[in-house]
Visitor: 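Pasting in a structure now, in structure tokens, and then I'll have a few things to ask.
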Amino acid sequence: MSRFFATGSDSESEESSSGSEITPKAPGTTFKQSLLLSDDEEDTKRVVRSAKDKRFEELTNLIKTIRNAMKIRDMAKCLEEFEQLCRAFLKSKNIVDKEGVPAFYIRLLADLEDYLNQLWEDKEGKKKMNKNNAKALSTLRQKIRKYNRDYETEIAAYKENPQESADEEEEKEPEDSGSSSDSDAEGGDDGVSAKSFLKKKPEAAPEASKFLKSAKGSGDESSSSDEDDDDEDWGSDTIDSGSESSDEGEGKSASLAVVFLKKTQETEKSSEKKIQKKKKPKKKERLEEEAEEEGGEEVEGGWEKVKGGVPLVKEKPKMFAKGTEINTAVVVKKLNEILQARGKKGTDRAAQIELLHALAAIAAENNLGQGILVKIKFNIIASLYDYNPNLAAFMKADMWKKCLDCIDELLDILFEHNNIFIGENIAEDSENLAVSEQPFRVRGCVLTLVERMDEEFTKIMQNTDPHSQEYVDNLKDEGRVCGIIDRLLDYLENKGSTEEICRIYLRRIMHTYYKFDYKAHRRSLGIQGETKSEQDQEESEGEDSAVIMDRLCKFIYAKDRTDRIRTCAILCHIYHHALHSRWYQARDLMLMSHLQDNIQHADPPVQILYNRTMVQLGICAFRQGMIKDAHNALLDIQSSGRAKELLGQGLLMRNMQERNAEQEKIEKRRQVPFHMHINLELLECVYLVSAMLLEIPYMAAHEFDARRRMISKQFHHQLRVGERQPLLGPPESMREHVVAASKAMKMGDWRTCHSFIINEKMNSKVWDLFPETQRVREMLVRKIQEESLRTYLFTYSSVYDSISMETLSEMFELEIPTVHSIISKMIINEELMASLDQPTQTVVMHRTEPTSLQNMALQLAEKLGGLVENNERVFDLKQGVYGGYFNRDQKGGYQQKQSYQRDQKGGYQQKQGGYQRGGYRNQNQSNY
């Protein structure tokens with residue numbers, strides 16, 4: 001007989017058993033036994049309740065649902081439940097007319113109206129609401145205002161004294177329940193009410209007592225939830241426990257009849273007990289209950305304390321029946337049974353993982369071979385990945401550790417046993433899992449599992465606060481992830497196909513390309529760092545990241561057949577070169593790959609990688625002093641105003657309206673983890689300083705040119721913002737520093753410019769972030785001096801007849817050969833109308849600069865020429881004949897006329913000696 005049936009116990013022993021214990025029932029027994037019950041027996045479970053209780057219970061249930069929806073701000077649910085509540089209240093109109101409007105109903109109406117008014121006033125919260133909730137909020141607000149007009153007096157009374165109305169309601173509840181029970185008990189024996197009948201402990205006959213269960217049933221919570229006494233005193237069993245005992249009595253009529261036996265002594269005892277328990281303080285009650293539970297556990301031995309609801313069976317289900325011979329076929333069959341439940345609704349994923357672990361342990365105990373163990377490990381790792389059904393969700397820490405351990409164990413098995421062949425192309429029918437002379441063949445792909453592990457690691461880093469210690473702790477796992485990738489790389493180099501090797505190589509590259517190799521950098525500078533441990537010495541003596549990247553990328557260039565892997569490898573290689581200041585290798589690889597021609601057709605993650613690479617290339621050019629190249633590389637990213645979004649480092653709030661929730665989730669999944677971010681302030685500073693060094697001399701050279709163009713719109717915008725400020729104080733932000741430096745450079749004052757660009761604040765924000773800080777600062781000072789000299793000559797050349805190069809050298813603290821070189825270039829490029837007098841080392845200016853009146857006349861002539869040209873074009877379109885003033889004698893048409901104008905203009909500039917410096921503009925136009 002099952003241990004769930006109490007043997008040889010009478011009714012007194014049943015009373016003494018612990019009240020708060022729940023019997024764990026074997027699954028399926030209730031369903032089978034309920035089939036054996038007749039209709040009469042099922043009727044015994046019914047509880048007689050008054051119409052008032054039914055209606056009020058319906059109302060309270062709906063009110064609970066509304067309050068829950070209010071907590072989570074689910075306005076659509078609130079509206080739906082409120083409409084149901086109104087309909088239910090109408091049904092109970094007759095009872096409300098007799099008893100009056102219940103206080104709990106008035107309380108809800110008042111609270112709901114206040115809550116809706118509060119939400120309505122919260123403008124920010126309303127903006128964040130989705131469309132359905134916002135619509136439901138306005139609808140519900142209108143309805144509740146209209147509905148509450150009928151209960152204005154009651155609501156006002158409740159709001160004046162909400163505590164009193166709540167206390168009144170609590171007082172009414174026991175009275176109401178008493179009156180309803182009295183009315184129900186009219187047909188009962190000896191005037192016993194339905195509720196007291198339910199709370200009675202039936203005295204069983206000695207024969208029937210064998211079949212009665214001493215512990216409470218699992219389903220009696222719902223019937224006894226009306227009063228706290230029932231929860232406290234489970235010793236006096238309810239009718240449900242009686243009916244359960246009748247279920248377990250295999251349908252015997254005696255056990256069912258016992259339920260209906262009543263004794264007045266029993267009722268008196270139970271009522272006395274209730275009075276005593278009410279007097280006890282809650283603390284004592286709890287201590288007594290715990291003592292009773294402990295005592296009950298000692299007596300019964302096998303009872304376990306279970307949470308409320310359906311009893312949870314904590315016993316692990318047995319894998320195999322007793323005496324079953326465990327072999328490979330049986331284990332595979334059991335494995336397939338477990339896997340069939342995967343993905344189904346209601347499947348406990350954690351339990352499934354435990355079952356698979358247990359199965360692996362059984363397979364190892366019975367020495368079934370490594371083949372079946374590898375197959376189970378594959379399924380354990382797949383189940384760990386499936387634990388989170390949502391794609392956006394990331395693995396919890398315990399699951400992540402389990403996953404890493406499982407993959408390590410799997411790789412250990414594969415390295416130890418060379419006779420295991422795994423692959424996706426192996427069909428399940430052709431698998432060989434049993435121990436035999438032939439090698440094991442298992443269907444699966446360890447590379448896919450490792451790739452998924454890498455993606456999960458990225459998701460964990462994306463969903464962790466980057467400024468917390470947790471992020472640092474999670475980042476420590478990257479060493480372990482890279483270790484697993486390296487181990488798999490070694491395995492696949494021996495046993496994998498070329499395509500698989502390319503895929504794992506790319507994974508290794510993606511974990512290497514963005515890291516600066518400080519040890520290689522120190523070695524290149526000849527600095528020997530102090531190594532504190534043997535591990536550090538091994539690492540410092542290990543292979544440089546540049547050598548590793550070169551070897552992995554070149555293999556992919558040669559062997560890869562998919563464009564995507566090769567493209568990613570090239571971009572990572574360029575990024576790594578640029579990060580380590582190998583400018584020429586990075587530039588040549590970018591130009592030879594022609595990636596810029598078709599990158600717009602790539603998928604978004606590759607485009608983000610391309611943007612990151614271009615930015616790193618621009619910063620590298622800046623460090624090397626290639627200002628023009630740096631500006632050109634950063635121009636596209638910075639001019640868009642969306643650098644943060646284009647680099648995958650965050651979403652812009654202003655663009656939130658353009659994308660829906662689904663697109664936003666996809667965008668967030670593409671974000672780069674924080675430890676891979678490029679400093680946006682450094683990026684903007686490099687761009688603005690580059691623009692300043694190019695734009696300020698150009699503006700000075702073309703001060704009176706009507707067709708002067710902008711090299712950098714963003715830089716001009718910052719200048720205009722600086723000019724608009726009514727009060728000019730000392731610069732604070734990085735942008736203000738660059739604007740102040742630009743104004744100083746425009747006047748040729750390089751020292752002030754230098755003090756604004758290089759100071760403690762700018763060092764801490766920007767320049768100290770570079771690896772070779774001092775060298776970058778020296779390069780910047782040099783560039784500022786040279787460009788300030790050029791600007792000075794453009795601005796003040798009309799003032800001088802001649803100027804000594806020695807004077808210029810002292811003013812700008814440059815060597816005389818450098819000054820000579822700069823001036824010579826300006827003269828050759830026809831930017832400066834002057835000549836060098838070698839013996840005296842002076843620059844002799846030529847008076848070819850037009851006066852302001854001449855400049856204005858030239859501007860007027862250009863505008864009139866443009867007006868005539870436009871008139872001719874309009875006239876030609878109307879007439880349908882190509883011709884005009886400038887090409888009367890030519891038959892080449894309109895296009896030839898345009899080129900003639902340009903030739904004329906170019907020749908005119910040459911005749912005038914280049915006073916407009918058109919040569920400088922024409923020559924450098926392609927470079928900007």
Side-chain angles (χ1 to χ4, degrees), residues 611-612 614-616 618-623 625 627-647 649-655 677-700 708-770 773 776-777 779-781 783-785 787-788 791 928:
N611 292 338
R612 284 166 56 78
M614 286 303 297
V615 162
Q616 200 59 250
I619 293 171
C620 173
F622 182 81
R623 286 200 303 267
I627 301 299
K628 206 172 288 183
D629 293 309
H631 182 269
N632 290 339
L634 300 177
L635 182 63
D636 288 339
I637 300 292
Q638 285 298 120
S639 60
S640 65
R642 297 187 301 129
K644 187 179 181 181
E645 198 169 328
L646 292 173
L647 295 173
Q649 295 182 188
L651 301 177
L652 295 176
M653 293 303 294
R654 66 184 179 205
N655 295 338
H677 281 194
I678 295 168
N679 190 313
L680 293 174
E681 190 170 22
L682 179 141
L683 171 62
E684 190 178 9
C685 182
V686 165
Y687 175 74
L688 289 175
V689 170
S690 302
M692 176 189 80
L693 294 173
L694 294 172
E695 191 80 72
I696 297 298
Y698 179 82
M699 286 167 66
R708 185 181 70 198
R709 57 186 181 79
M710 284 187 271
I711 296 171
S712 169
K713 285 185 179 178
Q714 193 182 2
F715 178 72
H716 275 274
H717 173 69
Q718 295 301 332
L719 284 180
R720 282 196 296 274
V721 168
E723 286 168 5
R724 278 197 228 112
Q725 286 180 351
L727 178 65
L728 278 176
E732 292 180 3
S733 68
M734 177 271 298
R735 292 172 183 173
E736 288 176 2
H737 275 89
V738 176
V739 169
S742 303
K743 288 178 180 175
M745 185 186 273
K746 202 184 282 186
M747 304 303 292
D749 185 358
W750 75 271
R751 287 184 181 82
T752 310
C753 177
H754 167 238
S755 67
F756 281 131
I757 292 293
I758 298 171
N759 51 52
E760 285 184 13
K761 192 178 277 188
M762 289 291 282
N763 284 344
S764 61
K765 281 186 176 181
V766 181
W767 309 125
D768 287 346
L769 302 176
F770 286 121
T773 308
V776 172
R777 288 203 200 99
M779 178 275 298
L780 262 176
V781 173
K783 288 289 175 187
I784 288 169
Q785 288 170 335
E787 295 304 324
S788 297
T791 308
Y928 293 117

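Quick note: numbers below take in every heavy atom, side chains included, and nothing from hydrogens, waters or symmetry partners.
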Visitor: Output side-chain donor-acceptor pairs under 3.5 Å for residues 685-693, partner residues at least two apart or in another chain, one line each.
Guide:
| residue | atom | partner | partner atom | Å |
| --- | --- | --- | --- | --- |
| Y687 | OH | S712 | OG | 2.9 |
| S690 | OG | V686 | O | 2.7 |

Visitor: Give every donor-acceptor pair under 3.5 Å between a side-chain atom in residues 715-728 and any protein atom, sequence neighbours left out.
Guide:
| residue | atom | partner | partner atom | Å |
| --- | --- | --- | --- | --- |
| H716 | NE2 | E695 | OE1 | 3.4 |
| H716 | NE2 | E695 | OE2 | 3.3 |

Visitor: So, for R612 and I678, which heavy atoms are closest and what is the spacing to 0.1 Å?
Guide: O-CD1, 3.9 Å

Visitor: Would you say the side chain of W767 lies within less than 4.5 Å of the side chain of I757, judging by non-hydrogen atoms?
Guide: yes

Visitor: Is there a donor-acceptor contact under 3.5 Å from the side chain of N632 to the main chain of D629?
Guide: no

Visitor: Between M745 and T791, what is the shortest heavy-atom contact and its length?
Guide: O-CG2, 3.4 Å

Visitor: Can you name the ring-ring contact (aromatic ring centres under 6.0 Å, His included) partners of H677, sequence neighbours left out?
Guide: F674

Visitor: Test of understanding: with salt bridge (Lys or Arg N to Asp or Glu O under 4.0 Å), list the residues that count as partners of E684, not counting sequence neighbours.
Guide: R735

Visitor: Determine yes or no for a side-chain-to-main-chain donor-acceptor pair under 3.5 angstrom, with E736 supplying the side chain and E732 the backbone.
Guide: yes

Visitor: So, using side chain to side chain donor-acceptor pair (under 3.5 Å) as the criterion, who are the partners of D749 when residues are at least two apart?
Guide: T752

Visitor: Tell me, do L680 and Q649 make a side-chain contact under 4.5 Å, heavy atoms counted?
Guide: yes

Visitor: Kindly indicate, with the supporting measurements, whether the criterion side-chain contact (heavy atoms from CB on, under 4.5 Å) is fulfilled by M614 and D636.
Guide: CA-CA 9 Å; M614 286 303 297; D636 288 339; over 6 Å; no

Visitor: Check side chain to side chain contact (heavy atoms under 4.5 Å, CB included) between E760 and all other residues, then give those that pass, not counting sequence neighbours.
Guide: none

Visitor: Determine whether M762 and F756 satisfy the following criterion, side-chain contact (heavy atoms from CB on, under 4.5 Å), listing intermediate values before the conclusion.
Guide: CA-CA 8 Å; M762 289 291 282; F756 281 131; over 6 Å; no

Visitor: Indicate yes or no: at least one non-hydrogen side-chain atom of R709 is less than 4.5 angstrom from one of Y698.
Guide: yes

Visitor: Any donor-acceptor pair under 3.5 Å linking the side chain of S788 with the backbone of Q785?
Guide: no

Visitor: For the residue pair L646 and V615, establish whether any side-chain heavy-atom pair is separated by less than 4.5 Å.
Guide: no

Visitor: Kindly check if the number of other-residue, nucleotide or ligand heavy atoms within 6.0 Å of CE (M747) is above 12?
Guide: no

Visitor: Under the rule for side chain to side chain donor-acceptor pair (under 3.5 Å), what residues qualify as partners of Q638, not counting sequence neighbours?
Guide: none

Visitor: Would you name the heavy atoms of C753 and A741 that are closest together and state the gap between them?
Guide: SG-O, 3.5 Å

Visitor: Under the rule for side chain to side chain donor-acceptor pair (under 3.5 Å), what residues qualify as partners of N763, not counting sequence neighbours?
Guide: R777

Visitor: Kindly compute the distance separating CG (N759) from NE2 (H754), expressed to the nearest 0.5 Å.
Guide: 9.0 Å

Visitor: State which residues pass side chain to side chain contact (heavy atoms under 4.5 Å, CB included) with K713; sequence neighbours excluded, sorted by chain then number.
Guide: M710

Visitor: Is any side-chain heavy atom of L635 closer than 4.5 Å to one of H631?
Guide: yes

Visitor: Looking at every heavy atom in both S639 and Q714, which two are closest together, and how far apart are they?
Guide: N-OE1, 4.5 Å

